Visitor: 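Dropping the structure in here first, questions after.
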Amino acid sequence: MLYHWIIDVLFWVAVVFLVGVYVSWRATRLDRLHVRVETARAALDAALVRRAAAALELAASRLLDPAASLVLATAAHEARTADADNREFAESDLSRALRAVADQPDFAGTVAGEGGDGADVLEELSSSAAKVAYARRFYNDAVAQARAARRKPLIRVLPLAGRAALPDFFEIDDDPPGV
């Protein structure tokens, strides 16, 4: 009788231990996903700031006509100073302004042919615009994985997410200009 009781206790201790290990593993995975989202968001913010700086550099380079410089500088300034609620709209406006400036007839030839820093400015602008697209996709992938993990029943039943806010996607028009 005592032998059966000891076996039953050991069985339930093992079950509780395995459930605890599984819950701990899920909580750790969710935490790693949230860290990944935060890291991806920081990289996206850095890429957006770099693109705005490249746009401001192009606008201030005197390689464009005054109207195009003003449009580009205004859009870049708005993108850099936008609050969290308006950031996506401001960044989309900057993307559209960059494409509008780059779509001017013989834009790349005119800017690069001016000598000096024209080719370097175009290369920086092209590179930073491409990095924004990559960073946004990476961030949105991380958000999708975190949201999928938080939809799991165990995560919802047990408060494994803690007080972490549900991450949101960052949707902007990030098509790079045709430089």
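If you're wondering where the values come from, they're calculated on a predicted model, not measured in any experiment. One is the number of the first residue; the rest follow in order along the sequence.
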Visitor: Which ILVMFWY residues are connected to Val49, directly or by a chain of links, through side-chain heavy atoms under 4.5 Å apart?
Guide: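 Members besides Val49: none; it forms no cluster.
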
Visitor: Would you please test Ser95 and Arg51 for side-chain hydrogen bond (donor to acceptor under 3.5 Å, both in side chains) and show each step?
Guide: CA-CA 9 Å; Ser95 294; Arg51 181 181 71 160; 2.6 Å; yes

Visitor: Counting distance only, does the side-chain N/O of Ser126 pair as donor-acceptor with the main-chain N or O of Leu122 below 3.5 Å?
Guide: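 Judged by distance alone, no pair lies under 3.5 Å.
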
Visitor: So His34 and Arg150, do their side chains get closer than 4.5 Å, heavy atoms only?
Guide: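 Arg150 reaches His34 side chain to side chain.
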
Visitor: Flag the pair Asp45 and Arg87 as a salt bridge only when some basic side-chain nitrogen lies within less than 4.0 angstrom of an acidic carboxylate oxygen.
Guide: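 Salt bridge between Asp45 and Arg87, a charged N being under 4.0 Å from a carboxylate O: yes.
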
Visitor: Honestly, is Arg36 close enough over Phe138, meaning NZ or CZ under 6.0 Å from the six-membered ring centre and within 45° of the axis?
Guide: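 Flagged: Arg36 positioned over aromatic ring of Phe138.
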
Visitor: More than 12 foreign heavy atoms under 6.0 Å from CH2 of Trp25: is that the case here?
Guide: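 More than 12 heavy atoms, drawn from other residues, nucleotides or ligands, come within 6.0 Å of this atom.
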
Visitor: Taking Ser128 for its side chain and Leu125 for its backbone only, find out whether a donor-acceptor pair lies under 3.5 Å.
Guide: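 Yes, because the side chain of Ser128 sits within donor-acceptor range (under 3.5 Å) of the backbone of Leu125.
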
Visitor: Return yes if some donor-acceptor pair links the side-chain N/O of Asp65 with the main-chain N/O of Ala68 below 3.5 Å, else return no.
Guide: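 Flag set: sc Asp65 to bb Ala68 pair under 3.5 Å.
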
Visitor: Strictly below 4.0 Å, N to O, side chains only: are Asp168 and Arg147 in salt-bridge contact?
Guide: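 Salt bridge between Asp168 and Arg147, a charged N being under 4.0 Å from a carboxylate O: yes.
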
Visitor: So, does Ser24 use its side chain to make a donor-acceptor pair with the main chain of Val21 at under 3.5 Å?
Guide: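 Answer holds: no.
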
Visitor: Just by distance, do the side chain of Ser127 and the backbone of Glu123 share a donor-acceptor pair under 3.5 Å?
Guide: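 Absent.
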
Visitor: Less than 4.5 Å apart, side chain to side chain, heavy atoms only: is that true for Arg29 and Leu33?
Guide: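 Of all side-chain heavy-atom pairs linking Leu33 with Arg29, at least one is under 4.5 Å.
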
Visitor: Taking the hydrophobic residues Ile, Leu, Val, Met, Phe, Trp and Tyr, and joining any pair whose side-chain heavy atoms are under 4.5 Å apart, which ones share a cluster with Phe170?
Guide: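 Listed partners: Val37, Leu44, Leu48, Val132, Tyr139, Val143, Phe169, Ile172.
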
Visitor: Would you compute the distance between atom CG of Asp173 and atom CZ of Phe89 and round it to the nearest 0.5 angstrom?
Guide: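 It is 12.5 Å, given to the nearest 0.5 Å.
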
